[in-house]
Amino acid sequence: MLDVKFLRENLEEVEKRLKTRGGAVDLSGFRELDSRRRKLLTEAEALRARRNAVSEEVGRLKREKKDASHLVAEMQEEGAKLKALETEATGVDEELNKFLLEVPNVPHTSVPVGNDSTDNPVIREWGERPDFKFSPLEHTDVGEALGILDFERAGKISGARFSLLMGAGALLERALINFMLDLHTREHGYTEVLPPFMVKSAALQGTGQLPKFREDLFKVEGSDHFLIPTAEVPVTNIYYDEIIDEERLPISYAAYTPCFRSEAGSYGKDVKGLIRQHQFEKVELVKFSHPDSSYDQLERLTANAEEVLKRLGLAYRVVTLCTGDMGFASAKTYDLEVWLPGQGKYREISSCSNFEDFQARRANIRFRPKGGKPRFVHTLNGSGLAVGRTLVAILENYQQEDGSVVVPGALRPYMGGLEKIVKKS
RNA sequence: GGAGGGUUAGGCUAAUGGUAAGUCACCGGUCUUGAAAACCGGCGGGCUAACGCCCUUGGGGGUUCGAGUCCCUCACCCUCCGCCA
């Protein structure tokens with residue numbers, strides 16, 4: 001959510017910059033709503049001030065055993081006026097709030113202007129793409145041939161966009177989770193968190209998924225619970241409505257969770273394989289930062305996610321999302337894209353964002369500067385990494401001509417020393 | 001599921017229906033060579049150039065001239081019982 005005062009004072013500039021995100025941005029209603037709200041507030045406050053003064057006078061008269069009935073009668077009338085005014089003010093307030101909750105974050109000045117993913121500049125590349133002496137298969141073919149991936153049977157159980165990992169496939173997934181968590185907690189200074197996998201709507205509003213993106217979520221029937229679309233939601237909301245001691249910043253958390261997404265509107269996209277699922281596993285990195293250093297923290301967080309790919313020996317590139325491709329709540333986002341030889345493309349495997357105070361304002365997460373008033377923190381997060389897609393990358397990059405898959409060295413300690421996944425006879 | 005107790009500002013804690021008192025921590029100041037102590041001030045949010053004014057006692061609603069306090073409702077926490085991995 002944007003700061004009302006900031007919006008009031010910079011409306012034209014904000015509108016101009018939000019337009020670069022593409023889509024419909026209409027802030028024209030703001031001025032009217034804001035001034036109506038302020039006018040009603042002033043009127044109601046004046047009435048309340050009078051009521052408070054008169055009530056005090058009534059109390060004084062009663063204590064002195066004097067008659068106060070004329071004042072009481074007067075206030076009974078005034079009370080009705082005040083109530084009407086308050087009802088109207090509450091209405092306008094709700095309208096303004098509803099409006100503000102749907103306004104996206106303002107892109108940082110360093111974000112390139114562009115329309116879509118084709119305008120995202122590549123800022124660095126790492127690693128060698130493997131050179132195959134044969135035509136590399138997609139991960140679905142590799143996995144199904146090895147008997148470690150089963151989409152048919154997953155379909156019987158849960159329908160489309162679900163998967164079944166068997167044997168070495170399930171072990172590989174578990175190894176990746178443990179490897180990533182160990183790397184971030186032991187070497188990058190993150191504290192491990194295992195949060196709830198269901199959250200209430202207030203938490204989703206805090207991080208920005210609600211109210212605008214309800215259709216992307218799975219909701220539990222008959223209660224105010226949603227399945228988390230990412231660990232960002234429960235982990236960022238750990239400090240919902242809290243004031244954090246300044247000395248504790250930055251706070252860095254790493255969390256493994258499954259993620260659940262309805263993928264509404266993505267029909268026909270990535271229908272095959274593990275790339276786009278209703279349920280997938282992810283290790284997420286979340287930071288709470290002092291506003292002065294949040295962009296340094298974004299660089300560090302991104303580097304921490306990249307380290308996973310480096311240790312696994314997977315070629316990747318880093319792109320800066322242009323204004324038209326950024327998420328709703330983000331001020332700046334880097335995507336990590338891993339090379340998938342089976343598809344012959346780079347595919348997103350991590351998305352690292354600085355939300356500045358956009359989420360902190362919604363979730364009321366503040367810190368107290370030395371001797372000063374509480375200020376909003378900056379929140380950041382990034383995948384470190386999407387586990388399912390990492391498994392895809394391993395199957396495609398480490399596949400052998402005989403159909404086996406070599407286990408990257410970094411993962412072998414997590415797989416009982418297994419060096420190669422082969423078909424079980 | 002049943003019974004009882006609870007939720008007040010960063011923490012802790014008070015307030016016969018009369019307009020949120022105190023305390024600890026923290027910040028600033030006076031004093032001091034420096035520090036501590038002591039004393040003074042500040043320490044939830046909004047509006048205002050300022051003086052001030054308004055809001056804030058878990059959420060929502062009601063009664064009342066006036067609600068932390070009374071009533072209704074919801075949420076969460078604690079204790080006990082039942083069920084349960």
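Below, chains carry the letters A, B, ... as their sequence lines are ordered, and counting in each starts from 1.
Summarising the base pairing, B/G68 is matched to no nucleotide, lacking a Watson-Crick or G-U wobble pair whose two defining distances lie under 3.5 Å. Judged by Watson-Crick or G-U wobble contacts below 3.5 Å, the nucleotide B/C12 has B/G22 as its partner. B/A38 is paired with B/U30 under the criterion used here, namely a Watson-Crick or G-U wobble arrangement in which both key atom distances are under 3.5 Å. A 3.5 Å limit on both hydrogen-bonding distances identifies B/C78 as the Watson-Crick or G-U partner of B/G4. Pairing of B/G17, defined by two Watson-Crick or G-U wobble distances under 3.5 Å, is not identified with any nucleotide. Here B/A49 sits opposite no nucleotide as a Watson-Crick or G-U wobble pair (both hydrogen-bonding atom distances under 3.5 Å).
In this structure, A/Arg8 places its CZ atom 7 Å from P of B/U48, rounding to the nearest Å. A straight line from CZ of A/Arg37 to P of B/G46 spans 11 Å, rounded to a whole angstrom. Rounding to whole angstrom units, CG of residue A/Leu71 and P of B/C65 are separated by 12 Å. Spacing between atom CG of A/Asp241 and atom C1' of B/G44 amounts to 11 Å, rounded to whole angstrom units. Following rounding to the nearest Å, A/Leu82 (CG) and B/A67 (P) show an atom-to-atom distance of 11 Å. Distance A/Ile243 CD1 to B/A25 P: 19 Å, rounded to the nearest Å. Atom pair A/Tyr240:OH and B/A75:C1' shows a separation of 13 Å (rounding to whole Å applied). One atom, CD of A/Glu246, and another, P of B/C43, lie 19 Å apart when rounded to the nearest Å.
A/Glu56 comes within contact range of at least one nucleobase, with a heavy-atom separation under 4.0 Å. Among the atoms of the strands shown, none is found under 4.0 Å from any heavy atom of A/Val54. At a threshold of 4.0 angstrom between heavy atoms, the contacts of A/Lys5 are confined to the sugar-phosphate backbone, with no base atom among them. When heavy atoms are screened at a 4.0 angstrom cut-off, A/Lys200 is found touching no nucleic acid atom at all.
With both ends at atom P, the span from B/C71 to B/G17 equals 12 Å, rounded to whole Å. Taking the C1' atom of each, B/A49 and B/C70 are spaced 44 Å apart, rounded to whole Å. Taking atom C1' on both B/U73 and B/A85, the two are 34 Å apart, rounded to the nearest angstrom. Comparing B/C55 with B/U19, their C1' atoms sit 13 Å apart, to the nearest whole Å. The separation of B/A3 from B/C47, taken at their P atoms, amounts to 47 Å, rounded to a whole angstrom. Here the separation of B/U79 from B/C72, taken at their C1' atoms, is 26 Å to the nearest Å. Here, B/U56 and B/C51 have their P atoms 23 Å apart, quoted to the whole Å. Comparing the same atom, C1', in B/G44 and in B/G10 gives a spacing of 10 Å after rounding to whole Å.
There is no side-chain donor-acceptor pair under 3.5 Å between A/Glu284 and A/Thr257. With hydrogens and angles left out, the side-chain atoms of A/Asp325 and A/Ser117 include no donor and acceptor closer than 3.5 Å.
Nearest nucleotide to the side chain of A/Arg368, out of B/C65, B/G10, B/C47: B/G10. Checking B/C43, B/G66, B/G45 against the side-chain heavy atoms of A/Ser55 singles out B/G66 as nearest.
Aromatic rings from A/Phe218 and A/His278 are positioned such that their centres are separated by under 6.0 Å.
Taking the nucleotide of RNA chain B with the nearest heavy atom to each of A/Lys62 and A/Arg38, the more 5' of the two is matched to A/Arg38.
Take A/Asn115 and apply the side chain to side chain contact (heavy atoms under 4.5 Å, CB included) test, not counting sequence neighbours, and it matches A/Asp119. Checked against side chain to side chain contact (heavy atoms under 4.5 Å, CB included), A/Asp93 has the following partners two or more places apart in sequence or in another chain: A/Arg37.
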Under 3.5 Å, N/O pairs linking protein and nucleotides 53-61 of chain B:
{"residue": "B/C54", "atom": "OP1", "partner": "A/Asn52", "partner atom": "ND2", "Å": "3.3"}
{"residue": "B/C54", "atom": "O2'", "partner": "A/Arg48", "partner atom": "NH1", "Å": "3.1"}
{"residue": "B/C55", "atom": "OP2", "partner": "A/Asn52", "partner atom": "ND2", "Å": "3.2"}

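The side-chain hydrogen bond (donor to acceptor under 3.5 Å, both in side chains) test with A/Gln359 is passed by exactly one of A/Asn237, A/Thr207, A/Thr379, A/Asn105: A/Thr379.
A salt bridge does not link A/Arg51 with A/Glu77: every distance from a Lys NZ or Arg NE/NH1/NH2 to an Asp or Glu carboxylate oxygen is 4.0 Å or more.
Heavy atoms of other residues, nucleotides or ligands lying less than 6.0 angstrom from CZ of A/Arg8 number more than 12.
Between A/Tyr253 and A/Tyr239, the ring-plane angle classifies as parallel under the 30° and 60° cut-offs.
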